[in-house]
*Asks:* 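Below you'll find the structure I mean.
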Amino acid sequence: MAEILDPILITALALNFVALGVSRVKGAVNAVALQGILLGTLPLLVHPEIHPRGIVLVVVTIALKGYVLPWFLLHAMREANIRHEVNPVVGYKSSLFLGAVGTGLAIVYSSTLPLASEHAGMLFVPASLATVWTGFLLLTTRREAIMQVLGYLVLENGLFVFGVLLLEAMPFLVEAGVLLDLFTAVFVMGIIIHQIGREFSSISTEHLSELKE
Amino acid sequence: MHKDVNMVYRNIRISGSDPRSISATVVGVAVTVVLCLGALAPVARVLGGARPASVRLAWDSFHGEFHVGLDPLSAVFLLPILVVSPLAAVYGGCYLYSFRGRKSLVAAWLPFNLFVAGMIMVVIARTAIVFMTAWEIMSLSTFFLVAFEDENAEPRRAGWIYLVASHLGAAFLFAMFMLIGGRAGGLDFDDFARLPARGPVWSGVIFGLALVGFGAKAGLVPLHAWLPEAHPAAPSHVSALMSGVMIKLGLYGLLRVVGFLGRPAPWWGPTLATLGLLSALFAVALALHQRDAKRVLAYSSIENMGLIALALGLGLWAMAKGAPEPAVMAISAGLLHVWNHAIMKSLMFLAAGCVLHGTGERNIEKLGGLMKRMPWTGGAMMAGAVAIAALPPMNGFTSKWMIYMSLLKWGLSTDGGGLPALLGAGLLALVGGLVAITFVRLAGIVLLGSPRTTDAANAHESSWWMLAPMMILLGLCLGAAVAPGALAGLFSGAVAQITAGDRTTAARVILPPLGTLGATNALVIAMLAAAMGGMAALTRVATTGPTWGCGYAAPSSRIQYTGGSFAATVALKLLPRVLRPRISQIAPRGLFPARALFHSDSPDPLTTRVYEPFFQRMGDRFSRLRVLQQGQVNVYLGYIVVVLLVTLAWAAFRGGWGRS
Amino acid sequence: MEAIAQGVVHVFLALALPPLLLGVIARTKAFVAGRVGPPLLQPYYDLIRLFHKGSVISETTTWVFRLGPLVGMTTAVLASLLIPLGGPTAPVSFAGDLILLVYLLGLGRFFTALAALDTGSPFQGMGAAREVAFACLAEPAFFLGLVVLAKLTGSLALAGMLGASLGAHWATDSASLVLILLSWFIVLLVENSRIPFDDPNTHLELTMIHEVMVLDHSGPALGMIQYSAAIKLFVSSALVARVAFSAGLGSGWTAWSVLVIGILVIAVLIGVVESVMARLRLSHVPTLLVAACLLSAFGVILLAR
């Protein structure tokens, strides 16, 4: 099993660095979408004997993480004329460096954790911790609302990886993760609506003030 | 400039928003009405003696299941929720509709329905998780309702105080449930009920936490500070529901938790009873001289909650001493008053809402003469005032009579309450006298005489959508007055459950006296009717003329006695200094007085003397932490990262994984 | 048979005797002052005259104004049916009727005060404010007195509390009984607007309590108010008399005559008090009422300590 799982997790880790390093918002969105799709398949691979409810869960997760949310974000960018360039507080190189340090620490740290024997050798926990860390980095070092939503999504992906381990013990946790995704969706929609509203009102005030003067 | 344009912009949108207001109103009212009427049937069955029912659903979250149940105790407290909520909703539909365009009605109806649903859930919850969730839904949704008119400063302040008070109370409840849960090994109420042997100290701590947490919701003094702020600020149908129904759930919670603790300790009952009596005295002393009609009603609610607490305290006291009959009597008195106060206080708040609706005024000094202009509202308010002043032949009297009787019986029984209970009855009579003054003043100043302002003179009667719920409540009050036995019969199951007795014994203790009392009320009503008939025959010639002005040539409506002067004899002479109204005046002096001024204000002494200074000082002390408030999301997220890293580092450093 | 006869006598006395007390008081005052005074039956003539008159009703008022005297009279009549006179019980009697008695009087006061406010006159409002303020202190004093009786006899029905067993307690618990008698006499004077608390015959509205409250009532309504005031006086005197003369009450019809004589003695006593005392300053009234409350409370404390 590890032979399929580890490459997926490695790819997900790599996508973290893409999200940290790209300068175009669109690139980051795509990276996070891909990460979402990859991670969404994990429950099926970890628990092949999964029941129908699990399959629904997987489908909903992939749809939300991979398609719906990225579409929302890109749509928001188009509608609200958001800049396409990322304008970070901490530069790309520093972000990458911090991400690398965090990932390294995560791997070291997870080896100190008292994990169940069947999980001990796998990359699950380090990948989870590293992704959470990346999410936090994106959240704290990026100014744009869209990038912060992405950061939030990455953070959530990290939690999801951890949740997959617990799918059998606490399916509720994973379902709550899906709920978090939904929450993000609403969050993004809020941003879109807010932005659009602001745009329109500013346009209309400009027009009206022109009339007056 | 920008602001003006926005206003124009908003006004344009207003005219188009009517269909939305209509649909919000219709949906909002319909949901509550359907929900409540639908739930009445099972409640009625359980009250009638059917077996308690419960529903468990697998819920793989937080240890345990989703567990709700309906037993007699729940049913007794559900009854007012299910009866008053739909009436308040119908009334509110009309009341709130005048806000259309100015406010989003969805913002009023969504929390209203959540509020009703939350109350229902609180009463049927059978696990601590469901209970606290519903409790929070109830508190938070009412916060939005209290702050509904958030363009004014007063509702914002009231909402804020309410929010803080509810959460301080909830904190005690969380602590309590965690303590019980830790001992019981689960958060299901069934686990709680099977608690193993417990020490008196532990039980005492639980009771204390419950008393504070639930007492804050019930508005027991000194935890009442939120109540006189929140109830007047909320829209009137919400005040009716909060005052009539919600605050009682505090006492429900207390009864429920006491039920887990086995036989009550000897000090619980006297403590609760004393707290109740003091609350009643304190609140009625303040109700007496409030100028805001809804604040009068809010303080009167505290007073009535005090009376219920007094009755329940007596019940616990008698249970602790192993005296079943006085316990049954006292607990029935409390439960009966829960119902009676629910309907009569809702009636009063709805009537006050009609006055507000018809005049735009809550200050009683600016009202007057409304009985002629709003006859139906006036009549309902008058009858409600009689009921709430606990005078025969209305329903308030029946339950107050029961409370007196339990006090006296407990005072007279050989190893009972003795002197404190007997003197308590005297204090209760004092409360009764003060309540009578309060409501003579409220009804008299608002409804009678001649109008003191043009607003009052131009008052208009409300529509039947608002009057009909009041008339139904009035009918319920009369019904409860002449047939208290029927009600007590329905409540006997709950009484038996609380006192750990059986239903028939409970019924045998309480039904005979209540039957007599109902008959007496009917007798009083009949005699009044007969006297009215006789009077009509006697009054042969009646001419009309102006009121005799005692020789004053040009009386005006402004020389009428005001609410302030009506209360002055008691408020300024008899009350303890801290409870008196605050007066600032410049008295006219000399032959040609230059300027005179009189201002009186009736703030809550506990709020102004204790809570406000305390929170002010706390606020000053914590203001240094403002540095942390940077106004940038990134910085806040940075805090989270730091905390997370520190936690992880600490865990790794201690190396404590897996020790448990 | 005997019980029915006693019931009939009770109702008759309760309805017919009260105005006579007013006559007795007036005659006593006249006697002390060395005058002849009005005929004993003058209050009856007054009532008959009032009931034959027409009435003037203020334009400001509503139905509440007309309801006031009615409620006042109804509650007074009901109250008179609640207290035992000469018989072992009263026409209406049940455990807990003591509370009904207090609250019935409260109901009457509630509507009399509302009727006063209904006129919109400042003077009547003033009277109403004073009446309810003093009543809220008189009520606990009265009620605690009832509690003393309940504690002594172990009964919660007025018939039992004022019944035959009370007389024996004069030997053992006379201190409490004296205390509540004092307290009740103060309450009696306040509640029935007698000197030194209120002067029914004064002419300055500013100083009145009860009389100013009913200024606007006329004709039959005024008649009802005066009649109910007389019944209230009768009821309070009967209560005081039942307690004061419980030791020598006897049984059967002697009890009735003892009680009627007792009530008349109390009326004379009121007349004497009215003759020898001046009116108190209004601000001193609450002080005396608080004293009455304390007297009753000490009565309870002595018994239940």
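In what follows, chains carry the letters A, B, and so on, assigned in the order in which the sequence lines appear, proteins first and then strands, with residues in each chain numbered from 1.
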*Asks:* Would you indicate whether the side-chain heavy atoms of B:L430 and C:E139 approach each other to under 4.5 Å?
*Replies:* no
*Asks:* Any side-chain donor paired with an acceptor under 3.5 Å for C:T60 and B:T547?
*Replies:* yes
*Asks:* Going by heavy atoms in the side chains, are C:L100 and B:P392 under 4.5 Å from each other?
*Replies:* yes
*Asks:* Using modelled atom types only, decide if a donor and an acceptor are shared between the side chain of B:W401 and the backbone of C:G96 within a distance under 3.5 Å.
*Replies:*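 The answer is yes, because a donor-acceptor pair under 3.5 Å joins these two groups.
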*Asks:* Measuring from atom CG of C:L98 to atom CG of B:L408, what distance do you get when rounded to the nearest 0.5 angstrom?
*Replies:*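 It is 6.0 Å, given to the nearest 0.5 Å.
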*Asks:* Counting heavy-atom pairs under 4.5 Å to chain C, which of B:G369, B:A443, B:A390 comes out on top?
*Replies:*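 If we count pairs closer than 4.5 Å to chain C, B:A390 comes out on top.
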*Asks:* Describe, in one word, how the ring planes of C:Y103 and B:Y404 are oriented to each other, choosing from parallel (under 30°), tilted (30 to 60°) and perpendicular (over 60°).
*Replies:*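 Rings of C:Y103 and B:Y404: perpendicular, over 60°.
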*Asks:* Does any backbone or side-chain atom of C:S218 lie under 4.5 Å from a heavy atom of chain B? Answer side chain, backbone, both or neither.
*Replies:* neither
*Asks:* Measure distances from C:L114 to the heavy atoms of chain B and classify the residue's part below 4.5 Å as side chain, backbone, both or neither.
*Replies:*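 When you check distances to chain B, atoms from both the backbone and side chain of C:L114 fall under 4.5 Å.
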*Asks:* Looking at B:L523, B:L428, B:T520, which has the largest count of heavy-atom pairs under 4.5 Å with chain C?
*Replies:* B:T520
*Asks:* Would you mind telling me which of B:T562, B:I445, B:V570, B:I437 has the largest number of heavy-atom pairs within less than 4.5 Å of chain C?
*Replies:* B:I437
*Asks:* Evaluate the side-chain contact (heavy atoms from CB on, under 4.5 Å) criterion for residues C:V132 and B:F566: first the C-alpha distance (whole Å), next the side-chain angles of each, then the deciding distance (0.1 Å), finally the verdict.
*Replies:* CA-CA 9 Å; C:V132 291; B:F566 192 82; 3.8 Å; yes
*Asks:* Using a cut-off of under 4.5 Å on heavy-atom pairs, state which of B:L517, B:L574, B:L412, B:L434 scores highest against chain C.
*Replies:* B:L412
*Asks:* Could you have a look at B:P393, B:S557, B:A425, B:G411 and say which one has the most heavy-atom pairs with chain C under 4.5 angstrom?
*Replies:* B:A425
*Asks:* Does B:K573 reach the main-chain N or O of C:P286 with its side chain, forming a donor-acceptor pair under 3.5 Å?
*Replies:*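 No; judged by distance alone, with no hydrogens or angles, the pair does not exist.
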*Asks:* Is it the backbone or the side chain of C:F65 that comes under 4.5 Å from a heavy atom of chain B, or both, or neither?
*Replies:*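 Neither the backbone nor the side chain of C:F65 comes within 4.5 Å of chain B.
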*Asks:* Is the number of heavy atoms from other residues, nucleotides or ligands within 6.0 Å of CH2 (C:W63) greater than 12?
*Replies:* yes
